[in-house]
Amino acid sequence: MNNKLKCHVFICTNCSYDQGDVTIEPSNELRDTTKELASKLWDKGQVRINKSGCLGKCSEGISCVIYPQQEWLTKLKQEDSQKIINAIDKLIK
């Protein structure tokens, strides 16, 4: 398997934000699920999934950034792991 790092994903798990009447807590679950899905598709030497501190986009909900492509995904929800996986797949092909 090719061990060259193709992307490094940072998912904000730092802050909570209000969405109407609901407060969304830091997204450790989103990060954990995304990391688990990624491990079934790519070697950790190819795709890394890490939590991050504040990415400065709190008003846009849960955010992640994929490097080196500098692709941002915002307005994520706890159940959006597959959305992140799809974005990674598209970027590294």
Side-chain angles (χ1 to χ4, degrees):
M1 195 178 271
N2 182 355
N3 258 358
K4 184 175 184 216
L5 186 64
K6 295 181 178 183
C7 71
H8 198 161
V9 180
F10 296 93
I11 300 173
C12 179
T13 59
N14 190 56
C15 59
S16 61
Y17 68 96
D18 291 324
Q19 186 175 32
D21 295 335
V22 179
T23 299
I24 305 299
E25 292 304 319
S27 190
N28 290 308
E29 182 181 328
L30 176 62
R31 181 254 179 201
D32 292 345
T33 303
T34 303
K35 187 170 185 166
E36 182 179 326
L37 289 172
S39 73
K40 294 175 183 176
L41 299 170
W42 305 287
D43 182 272
K44 71 178 180 179
Q46 295 175 299
V47 174
R48 302 284 314 245
I49 311 290
N50 290 102
K51 63 183 176 179
S52 76
C54 184
L55 294 172
K57 295 192 179 272
C58 298
S59 65
E60 297 180 51
I62 300 169
S63 300
C64 84
V65 62
I66 304 170
Y67 283 107
Q69 296 87 350
Q70 298 182 32
E71 180 79 16
W72 284 89
L73 299 172
T74 59
K75 300 180 183 171
L76 296 169
K77 298 179 180 147
Q78 295 286 9
E79 62 273 8
D80 281 338
S81 291
Q82 191 60 53
K83 184 176 182 177
I84 298 169
I85 294 296
N86 292 345
I88 294 167
D89 194 49
K90 182 179 173 185
L91 289 169
I92 65 174
K93 285 195 174 188

### Task
Please round to the nearest 0.5 Å and tell me the distance separating atom NE2 of His8 and atom CG of Asn50.
3.5 Å

### Message
To the closest 0.5 Å, what do you measure between CH2 (Trp42) and CZ (Arg48)?
### Response
14.5 Å

### Message
Any non-hydrogen side-chain atom of Ile88 less than 4.5 Å from a side-chain atom of Val9?
### Response
yes

### Task
Using atom types as modelled and distance alone, determine if a side-chain donor or acceptor of Asp80 lies under 3.5 Å from a backbone N or O of Lys77.
yes

### Query
How many angstroms lie between atom CD of Glu79 and atom CG of Leu30, to the nearest 0.5 angstrom?
9.0 Å

## Note on the structure
Across all chains, not counting sequence neighbours, the side-chain contact (heavy atoms from CB on, under 4.5 Å) partners of Ser39 are none

#### Entry: Non-hydrogen side-chain atoms of Tyr67 and Leu5 separated by less than 4.5 Å
no

### Query
What residues, two or more places apart in sequence or in another chain, satisfy side-chain contact (heavy atoms from CB on, under 4.5 Å) together with Leu37?
Thr33, Ser81, Gln82, Ile85

### Message
Ring of Trp72, cation from Lys57 - is the NZ or CZ under 6.0 Å from the centre and inside 45° of the axis?
### Response
yes

### Message
Would you compute the distance between atom CG of Leu55 and atom OG1 of Thr13 and round it to the nearest 0.5 angstrom?
### Response
9.0 Å

### Query
CD of Gln78 to CG of Leu76: how many Å apart, nearest 0.5 Å?
10.0 Å

### Query
With a 4.5 Å limit on heavy-atom distance, are the side chains of Cys7 and Leu91 in contact?
no

